[in-house]
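What you see below is based on every heavy atom in this structure, not just the backbone, and it leaves out hydrogens, waters and symmetry mates. Model, not experiment: these values are computed from the prediction. Each chain gets a letter, A, B and so on, in the order the sequences are listed, and its residues count up from 1.
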Amino acid sequence: MDQNSLLFAILLGAPLVGFFINGLNFRSHNSKLSGSIATGAAIISFIAAALLVKELIHLPPEARQIKSSFFSWMAVGDFSVDAAFLVDAISAIMILVITGVGSLIHLFSVGYMAHDEKPAKYFAYLNLFLFNMLLLVLGDNLLVMFVGWEGVGLCSYLLIGFWYTDPAKAAAGMKAFITNRIGDAGFLIGIFILFLTFGTVTFTDLLSRLPSVAEVGWTGPITLASLALFIGATGKSAQMPLYVWLPDAMAGPTPVSALIHAATMVTAGVYMIVRLSGLFVLAPNAMLVVACVGAFTALFAATIGLTQWDIKKVLAYSTVSQLGYMFLAAGVGAFGAAMFHLMTHAFFKALMFLGSGSVIHAMHEEQDIRKMGGLRKQMPITHATFFVGWLAIIGFPMLSGFMSKDEILWKSYSSSAGHPLLWFVGVVAAACTSFYMTRLMALTFWGGSRVPKETHPHESPPTMTIPLIVLGILSLVGGWIGIPHVIGALIPGHPENYLEHWLAPALATVPMEEGSSILEFSLMGISVSLAAIAAWFAFDFYVVHPERPKAVAAWFGRFYEAVSNKYWVDEIYQARIIQPIVDGSKALWAYVDVGFVDRLTYFASDVVLGAGGMLRSMQNGRTQQYALYIALGLAITIYWVLVG
Amino acid sequence: MPSIESLNQIGLNHYLALSAIIFSFGMIGVLMRKNVIVMLMSIELMLNAVNLSFIAFSNFTANLNGQIMVFFVMTIAAAEAGVGLAIAVMIYKKFKEINIRYFEQLRG
Amino acid sequence: MEISFSFRWVDVLLLMPVVVLAVSSMVPLLIKVMSGGREPNSFATMCYGLAGVIAAAGWLISMEGTRRVAFDGALVFDGLSTLIGLAIVFAAGVALVFSRENFATNTDQFSEHVFLMLNAAAGMLLVSWANDLIFFFIGIELMSLCLYVLIAISGESRLSKEAAFKYFLLGSFASAILLYGVAFVFGTAGSTNLQVIAEQSQDLISSNRLFLLGLIFLVVGIAFKVSIFPLHAWTPDVYQGAPTPVTGFMATGAKAATFVLFLRLVMTSAFAADQANRLIEIIQWMAALTILAGNIAAVMQTSVKRMLAYSSVAHSGYIMIGLIVASIGGEQLGGSSSVIFYLVAYTLMTIGAFGVLSLLEKDEDSQIHVEDLRGLAKRSPWMALCLTVLLLSLAGIPPMVGFFGKFFIFSAAVKAGLYWLAVWGVIGSVVSVYYYLRPIMQMYMRDEVGAEVCGDRYLSIGAVSVAAIAVVVVGLFSSPLYQAVLNALRGPT
Amino acid sequence: MLLSALIFLPVLFGLAVLALPKQLVRPVSLALSLVHFIASLLLFRNFDPTSAGLQLVEQKPWMPDIGITYFLGLDGISFWLVILTTFLTPLVILGSWKSIDHKIKGFHSALFFLTATMVGSFLALDGILFYIFFEASLIPMYFMIGIWGGARRLYATVKFFIYTMFGSLFMLVAIVALMFMAEQQLGQMSSSLLDWYKLEIPFVGGELLSTQTLLMFAFALAFAIKVPMFPFHTWLPDAHVEAPTPGSVILAAVMLKMGTYGFLRFVLPMFPEAVDYWTWLFIFLGVVGIVYGALVAMVQPDIKKLVAYSSVSHMGYVIVGLFAMNAFGTTGGLYQMLNHGVSTGALFLLVGMIYERTHSREVNAYGGLAKVAPWYTIIFLIVTMSSIAVPMTNGFVGEFLILLGLFKAHPIFAIIATTGVVLGATYMLWMVKRVFFGPESAMVKEHAAHGGMDLNWREKLVMAPLVTLIFWMGLFPNHFLNYSKSSIDHLLENRMHYQLQVDNSSSPLKVVDQRGVN
């Protein structure tokens with residue numbers, strides 16, 4: 001086994017080993033021990049990832065790929081898939097984020113789960129998730145990716161339903177899995193189309209076999225495959241119309257929400273599209289769909305976020321919304337921007353989730369922000385780091401969120417696949433984001449305390465605050481690896497957009513308009529100022545004039561009602577899709593199975609029994625009747641043979 | 001003798017027709033009569049009708065075998081009558097009843 | 001006009017099985033008479049009977065390989081005669097054993113019972129050997145008269161009398177019809193010898209309607225004896241009313257013998273002419289209806305004996321399919337061999353099944369209902385297993401011999417192009433499974449108390465076991481039997 | 001001799017068990033079944049996976065007059081099914097250690113006879129021999145359901161028997177017809193499969209009454225009922241619900257495979273034109289089965305019935321896979337047979353284990369089982385994942401290949417079938433949620449109070465091999481597929497003129513040429 005294979009083995013193996021150690025010992029109550037094992041595994045994995053990326057950096061940009069094949073998984077006919085792994089520019093970012101943020105969240109969990117009943121199980125799941133997520137991003141072919149894809153779904157299911165004694169939480173896990181499955185079915189169909197069209201499922205072979213953009217004569221299968229894969233992405237990445245599972249997924253432990261439902265798993269869809277950018281650019285229609293769904297989701301989820309009272313739900317809708325941005329980016333061909341936002345979002349959203357976890361931990365599992373307020377005094381570190389996250393997400397200039405979000409907005413305007421309308425939707429969503437995030441900040445940390453008397457919030461232990469601080473720093477500076485050209489030009493030393501350089505060889509490109517710097521600056525200004533205005537409004541509403549929100553809500557009337565009820569999407573799904581299926585199935589069972597097929601069987605047996613009864617009545621015991629049968633038999637025979 | 005003349009005009013078919021008629025009477029008797037003894041007699045009638053046709057065939061085809069058969073049949077008919085009557089007597093002794101409609105236990 | 005009559009002693013040697021049966025049947029009766037009408041030891045009586053049966057069987061076996069007609073062409077001794085003769089004496093022997101251990105038959109008239117049974121067997125042998133319609137008729141009457149009385153002297157007081165009476169009336173009625181047919185055939189063909197008839201049948205059947213009429217009467221008469229719809233109505237009543245050993249004997253021996261004669265009749269190619277098409281057509285319908293009626297009516301029965309009676313009707317239908325094929329195409333299509341194979345298989349399974357019933361009857365009046373079998377598997381597991389095997393074989397489930405019987409019948413039908421009859425038979429089989437499974441269900445899957453096997457009926461148990469084991473073994477290795485059947489059919493018939 | 005031994009060893013065992021004292025029946029049966037399993041492992045040594053021919057062939061005249069022979073042989077299609085059968089028997093015996101508490105001799109005897117008939121039907125290469133094993137397998141199963149079954153066992157077992165028998169009798173007529181066709185075309189009656197493959201069976205497209213079509217439907221009906229395909233499936237839920245656990249396991253894991261195996265061995269190669277013409281029908285019914293089975297499974301109140309309907313759905317996959325008629329679909333179909341054997345067998349075992357404790361299969365009576373029976377829950381979840389085809393478990397490989405094959409052949413059907421992926425997850429997880437999660441129900445609490453809710457070592461021992469197989473087959477499908485590859489490729493490449501050669505290079509046994517015998 002060469003060195004790279006060994007690194008792959010360690011990268012993937014460490015969490016797997018951690019999973020087995022904790023999993024076989026699942027009854028253990030020793031959260032320190034199991035936490036250390038799991039965190040250790042994650043850190044080992046991170047080191048391996050870093051070493052791999054180091055190897056990668058030493059390679060020339062065009063050949064930045066490290067492959068390693070372990071064994072042949074399936075070989076049937078001309079379909080052959082290996083358990084093979086690939087690190088390139090794209091997955092390098094992913095593995096660093098996954099193992100890096102993952103390690104931090106593992107560490108955070110040690111503190112967070114200290115008093116749980118079954119920490120070993122929790123950490124086992126977390127390690128298993130890490131393993132599957134790495135499979136997903138490292139997969140050298142669509143099938144290995146799919147393994148990870150479903151694997152993370154499974155872990156998500158297990159972790160959301162971790163506190164399964166609560167039926168609602170168990171239901172949330174189930175919902176997540178099944179909704180994801182709908183997407184997975186699309187993913188599968190995408191794989192089928194791609195394999196049957198191009199004869200391979202390996203990414204490198206697939207992309208090399210794609211026709212050039214010029215030969216667009218046969219985009220049919222490509223468009224279909226892209227759309228099918230995008231269905232998969234909407235499931236995993238919680239886009240319209242399959243986003244409904246993500247807010248419910250907040251039922252899981254908060255670190256899980258941070259890791260799975262903010263930083264890593266939910267970005268898998270984006271990652272997949274970026275990984276297949278070469279395919280998607282050949283299907284402009286599919287790209288348009290991706291962009292529109294992304295933009296719409298961004299806005300839609302953001303508006304829902306405006307009215308939520310559960311700290312985690314706000315963050316969940318925010319995640320859906322931010323994922324929408326990523327799809328918007330991918331849809332307009334700004335794959336690099338999508339990856340960038342994916343990364344920065346991983347930092348600040350993980351930070352905010354962990355921060356909320358810290359708050360919830362301090363508040364004794366209270367998640368309603370109406371019962372918080374003024375926590376900045378009791379929880380200074382949490383507040384400070386959360387504050388950074390807040391700044392990042394609302395797009396405060398030069399923070400990570402600003403860099404990536406504004407790149408997306410600019411690309412959605414300037415890309416040949418973009419449209420000003422997409423930009424506009426994005427900007428409105430950004431304003432909404434700014435509003436609800438400020439609202440969240442205000443209600444949680446600022447203003448007067450509404451904390452119930454019996455709760456005594458306190459700052460969390462270091463295992464929880466250290467990850468917060470690290471993530472806070474990353475949220476502050478993480479964006480600097482991708483400073484936009486226009487801004488870079490203004491900064492001394494003219495830092496380049498490192499990320500773009502790094503990713504460029506691995507991505508397909510869509511022609512971009514060389515928009516003027518002035519245009520870019522003015523668009524940037526519009527979005528920043530809109531966000532600022534929204535933030536100020538929120539601050540005004542929830543800190544300065546706490547009585548105003550009610551009036552505003554009343555002013556919006558029906559619209560407010562719709563938004564605060566999440567547009568009744570869950571109810572509509574329940575009433576229009578789930579219930580009809582269940583009722584229909586019951587009807588099938590009652591009317592087709594029992595009522596028709598079985599009744600047909602019974603009918604056959606009834607016919608036999610009826611005929612038997614008839615024959616019995618013919619057999620009435622009268623000798624002369626029997627003699628008559630004989631005579632009749634004779635007569636009929638004679639008639640038939642001689643006369644008839 | 002005119003009678004013989006006329007007898008000569010009587011052909012096989014006449015005998016056969018007579019035999020058929022007797023046979024039918026026998027059948028009808030079996031089918032209609034309720035008294036077991038009468039039914040027995042009807043069966044004898046049928047057998048005798050058959051004997052008649054045997055004789056007729058034998059005569060008109062100059063085949064003596066037919067007449068031998070009649071002997072067989074007569075013997076068998078006698079045996080049959082014997083057995084039948086014995087059963088009838090036994091039943092009568094047991095149930096004091098020889099109406100065929102009395103015996104309808106076995107059915108269904 | 002000259003009557004040629006040649007008599008040879010060697011013919012008598014061939015007839016010895018019948019003679020032996022007749023003579024040995026006298027022995028118990030004579031003993032009874034000499035001991036002043038007092039019923040002798042029933043075991044000894046049975047042994048005399050069995051001795052006759054075994055002697056007859058031995059003689060039959062020694063006749064193996066004989067291929068000739070005797071008594072001036074009246075009787076035929078060929079492989080078929082031997083094979084079916086053996087089946088008949090086997091049935092007689094087994095039935096004798098059952099009779100001794102059954103309350104309805106082992107009465108103070110057991111000597112008479114044995115006498116009648118052996119004579120009935122002799123009659124059956126004559127029927128199956130008959131090459132002449134008169135001999136056939138004599139055989140039939142010998143058999144039937146004995147059976148009438150056998151039923152009538154049953155210890156059971158009411159149903160058996162009714163059964164005997166019904167059987168007698170209807171049987172005589174049918175005999176008369178049969179005889180009428182003989183008369184017509186004789187009159188038109190000038191002979192009652194089957195070969196002679198066969199030589200002329202091609203011409204006669206197209207030219208002489210009287211001959212055809214005779215054939216119809218003949219067929220109807222025979223069909224009555226083998227219980228073909230709609231002439232089957234007596235079967236359930238008589239089978240139910242008769243004492244069980246007698247029923248078993250009737251259902252096997254009488255049916256086998258009569259079917260063999262039927263087979264000989266159709267194999268004379270009497271039915272090969274075009275004019276017989278319509279006759280064959282209606283026989284096909286009768287076969288189909290027989291299968292249907294037998295199976296469907298059996299489904300409704302609660303009395304096991306009556307159920308088996310109906311099932312025996314259905315089996316007649318299956319055999320008729322083979323017979324039809326034999327009438328259409330002779331031996332090339334495998335029709336006759338399928339009939340013979342089925343008859344042998346059927347004899348084995350049916351006599352065994354009735355044997356188990358006979359074992360379960362606790363007094364002369366007892367009627368075994370399906371519910372009485374509840375939990376039999378627990379009380380007498382071996383008998384339950386035997387009955388299960390026998391019933392499954394009757395249902396045609398492989399690897400029992402019944403399956404191969406059906407297989408050959410269906411093969412013959414398919415080969416002759418009678419697909420519809422094969423499919424019809426198949427559907428009938430499905431129905432039959434239902435009622436054959438019911439007793440099995442009761443025996444194994446219910447635990448309540450029901451009928452029981454009395455401990456001292458070892459001989460019957462042995463006989464049933466022989467039948468059951470034979471059903472499995474002959475099923476698994478049916479080749480020798482099939483070979484034997486094929487051998488039996490080769491030769492100057 | 002090895003193949004004969006595999007068939008007749010269990011027959012002997014079945015008889016031997018009857019003679020044992022009661023307390024020895026279970027351990028001895030277990031040991032004997034392990035002997036049988038180990039004997040079947042000898043196949044690995046003697047089987048050459050690279051050959052598409054029949055191996056370890058045994059042929060002896062049986063009924064020479066009509067060309068019936070005792071003809072056994074093994075190829076890539078039957079190889080794993082035989083192993084699956086022998087593999088499950090010890091597990092079933094161990095699994096029913098406690099649940100079968102009366103008439104244990106009879107039970108183990110029936111189990112051995114059942115094993116013999118099932119192995120026999122996978123090995124038989126003579127039509128009649130196959131039919132005999134196929135039918136004879138009904139008898140022990142009939143007793144198993146009828147004697148050791150639930151409350152409505154009599155109804156269920158009769159329904160099972162008659163339903164299955166109904167189909168197979170038409171097959172018998174078709175078998176007979178083929179034998180005569182062999183006589184006409186090859187000059188001699190024969191029920192050898194190898195001869196049947198040589199037959200030219202007349203086919204007229206679009207004509208329902210053409211010979212090949214009729215024969216195909218006669219065979220297909222028998223197998224469709226056995227599989228069971230929609231709409232012939234209604235016997236299955238009843239049989240499963242009433243059957244005792246071991247009966248359900250064998251029924252689901254092996255007996256249903258006899259139907260799909262029949263399609264693969266008889267229908268596809270023997271009636272190629274008719275199959276081509278009617279493929280749409282089978283695919284359609286298969287797809288309907290997938291979706292319908294899943295939907296109806298979803299609303300079942302009884303866990304066992306739910307699993308039974310899930311079998312309908314899973315077997316639908318097998319059917320569409322086989323009839324996709326390309327390497328992916330057919331391989332996947334074959335693989336899915338094994339998968340279903342392992343995972344549904346495991347599910348039935350698990351359902352049985354909890355039923356032993358609570359005597360309830362009502363989904364609604366359960367709740368919160370995860371808390372009181374953690375090992376049970378873990379294993380159940382693993383099996384569930386296998387059943388809903390999560391990657392890295394065996395189910396995924398099968399379903400993926402099937403859907404890929406189907407997509408290649410009939411994309412629209414494949415898209416409909418893919419909804420089964422979602423629905424499958426739905427019914428299983430919904431059940432899991434209601435049974436294992438949430439607060440403990442009153443019933444669970446009551447039984448948990450006595451303790452012993454979780455699996456004991458014996459039950460873990462039963463499940464361990466199954467769980468191992470689930471992952472082994474999921475991660476290294478090639479280990480398994482390699483044995484079937486050449487046979488399936490051979491089948492698909494030469495389907496229009498299918499022939500099988502007897503390949504005895506790897507075995508020292510003599511083959512009796514049928515012509516030479518007669």
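- Heavy-atom distances place the side chain of D:Asp238, and not its backbone, under 4.5 Å from chain A.
- When heavy atoms are compared at a cutoff of 4.5 Å, D:Tyr163 approaches chain A solely by way of its side chain, counted from C-beta outward.
- Aromatic ring centres of D:Phe328 and A:Phe195 lie closer together than 6.0 Å.
- Classification of A:Asp593 and D:Lys305 as a salt-bridged pair fails, no side-chain N sitting under 4.0 Å from a carboxylate O.
- At a 4.5 Å heavy-atom cutoff, the contact between D:Leu401 and chain A is made by side-chain atoms alone.
- Of the listed residues (D:Met392, D:Lys408, D:Lys371, D:Gln300), the one with the most heavy-atom contacts under 4.5 Å to chain A is D:Gln300.
- Within the 4.5 angstrom heavy-atom criterion, atoms from both the backbone and the side chain of A:Ile178 approach chain D.
- A side-chain hydrogen bond (donor to acceptor under 3.5 Å, both in side chains) check over residues 156-173 of chain A, counting only residues at least two apart or in different chains, returns the pairs A:Asp116-A:Trp163, A:Ser156-A:His261.
- Both the backbone and the side chain of A:Asp78 come within less than 4.5 Å of a heavy atom in chain D.
- Heavy atoms closer than 4.5 Å to chain A are found in both the backbone and the side chain of D:Leu403.
- For an aromatic pair to be called close, the ring centres must be under 6.0 Å apart, and D:Phe396 with A:Phe146 satisfies this.
- Taking the centre of each ring, A:Phe162 and D:Phe437 stay at or above the 6.0 Å mark.
- In this structure, the portions of A:Ala171 lying under 4.5 Å from any heavy atom of chain D include both its backbone and its side chain.
- A:Val594 does not touch chain D: none of its heavy atoms, backbone or side chain, sits under 4.5 Å away.
- In this structure, chain A has no heavy atom under 4.5 Å from any part of D:His479.
- Using cut-offs of 30° and 60° on the angle between ring planes, the pair A:Tyr602 and D:Tyr155 is tilted.
- To the nearest 0.5 Å, atom NZ of residue A:Lys175 and atom NZ of residue D:Lys433 are 11.5 Å apart.
- If you measure heavy-atom distances from A:Ile182 to chain D, the contacts under 4.5 Å come from both the backbone and the side chain.
- Contact annotation for D:Thr418: both backbone and side-chain heavy atoms come within less than 4.5 Å of a heavy atom of chain A.
- For a residue to count as touching a neighbouring chain, one of its non-hydrogen atoms must lie under 4.5 Å from one of that chain's; by this rule D:Ile378 touches chain A with the side chain only.
- Neither the backbone nor the side chain of D:Leu492 comes within contact range of chain A; no heavy atoms are under 4.5 Å apart.
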